[in-house]
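Structure record follows, encoded as structure tokens.
Chain letters run A, B, ... following the sequence lines, proteins first and then strands; every chain starts at 1.
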Amino acid sequence: MEKSSFFQDVYDVVKLIPPGRATSYGAIAHYLGTKSSARMVGWALNSSYVQDIPAHRVVNRKGVLTGKVYFGDSDRMQKLLEAEGVKIKDNQIENFDQIFWDPSKELL
DNA sequence: GAACTGACTCAGC
DNA sequence: GGCTGAGCCAGTT
């Protein structure tokens with residue numbers, strides 16, 4: 001972990017996401033300084049789903065649970081979010097604008 | 001060591 | 001207004 005991995009930065013930010021909140025790949029990528037690498041953010045989680053990363057709090061810019069299928073069960077990601085008070089409608093987060101957590105603003 | 005891929009995002013048509 | 005194409009970086013093959 002001492003290795004300066006772009007992934008490690010992603011994990012750290014995702015872990016800092018408070019319960020009941022969610023962020024987007026682009027927001028994390030922007031916080032890291034590279035808005036263009038939004039794909040890497042999601043991919044980072046895919047490569048490290050085995051770790052204690054609350055990846056269920058990370059969704060795409062539309063608030064859709066794009067990676068829910070990677071959790072093994074399609075409903076697993078949704079239930080995790082609902083357990084935190086996040087409303088999910090058709091695999092999409094309701095009031096996403098309200099629960100949206102921007103690391104570049106919250107963490108500063 | 002080079003090519004491919006990948007849970008996204010933006011812009012153009 | 002919805003779909004397609006191109007771009008991004010780093011890990012995997």
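Linking Ile, Leu, Val, Met, Phe, Trp and Tyr whenever their side-chain heavy atoms come within less than 4.5 Å puts A/L16 and A/V14 in one cluster. Criterion: ILVMFWY side-chain heavy atoms under 4.5 Å apart, direct or through other members. Under it, A/Y31 and A/I53 are part of a common hydrophobic cluster.
Summarising the geometry, the separation between CZ on A/F6 and P on C/dT12 is reported as 15 Å, rounded to the nearest angstrom. Remark: C1' of B/dC8 and CD of A/Q92 are 15 Å apart, rounded to the nearest angstrom. Separating the CD atom of A/Q8 from the P atom of C/dA10 is a distance of 15 Å, rounded to the nearest angstrom. Regarding A/R39, its CZ atom lies at a distance of 14 Å from the P atom of C/dA10, rounded to whole Å. For the pair A/W43 CH2 and C/dT12 C1', the computed distance is 7 Å after rounding to whole Å. Spacing between atom CG of A/D9 and atom P of C/dG11 amounts to 11 Å, rounded to whole angstrom units. Distance A/F7 CZ to B/dT5 P: 17 Å, rounded to the nearest Å. Put simply, CE on A/M40 is 4 Å from C1' on C/dA10, counting in whole angstrom units.
For A/T66, whose side chain is taken as the heavy atoms from C-beta onward, the closest listed nucleotide among B/dC10, C/dC9, B/dC8 is B/dC8. Closest to the side chain of A/S37, from the set B/dT9, C/dC8, B/dT5, is C/dC8.
Remark: DNA chain C forms stems of 3 or more consecutive Watson-Crick or G-U wobble pairs, all pair distances under 3.5 Å, at B:2-6 with C:9-13, B:8-13 with C:2-7.
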For residues 75-91 of chain A, which side-chain donor-acceptor pairs fall under 3.5 Å, sequence neighbours excluded?
| unit_1 | atom_1 | unit_2 | atom_2 | d |
| --- | --- | --- | --- | --- |
| A/R76 | NH1 | A/F71 | O | 3.0 |
| A/Q78 | NE2 | A/E82 | OE2 | 3.2 |
| A/E84 | OE1 | A/G20 | N | 3.4 |
| A/E84 | OE1 | A/R57 | NE | 3.1 |
| A/E84 | OE2 | A/H56 | NE2 | 3.2 |
| A/E84 | OE2 | A/R57 | NE | 3.1 |
| A/E84 | OE2 | A/R57 | NH2 | 2.7 |
| A/N91 | OD1 | A/K68 | NZ | 3.1 |

For residues 99-108 of chain A, dump all side-chain donor-acceptor pairs below 3.5 Å to protein atoms at least two apart in sequence or in another chain.
| unit_1 | atom_1 | unit_2 | atom_2 | d |
| --- | --- | --- | --- | --- |
| A/D102 | OD1 | A/S104 | N | 3.0 |
| A/D102 | OD1 | A/S104 | OG | 2.6 |
| A/D102 | OD2 | A/S104 | OG | 3.2 |

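With contacts defined as side-chain heavy-atom distances shorter than 4.5 Å, the pair A/I17/A/V58 qualifies.
The side-chain hydrogen bond (donor to acceptor under 3.5 Å, both in side chains) contacts involving residues 18-28 of chain A comprise A/Y25-A/T66, where partners must be two or more places apart or lie in separate chains.
Listed by chain and number, the residues in a side-chain contact (heavy atoms from CB on, under 4.5 Å) with A/D9 are A/L32 (sequence neighbours excluded).
Judged by atom type and distance alone, A/R61 does not reach the base of B/dC8 through any side-chain donor-acceptor pair under 3.5 Å.
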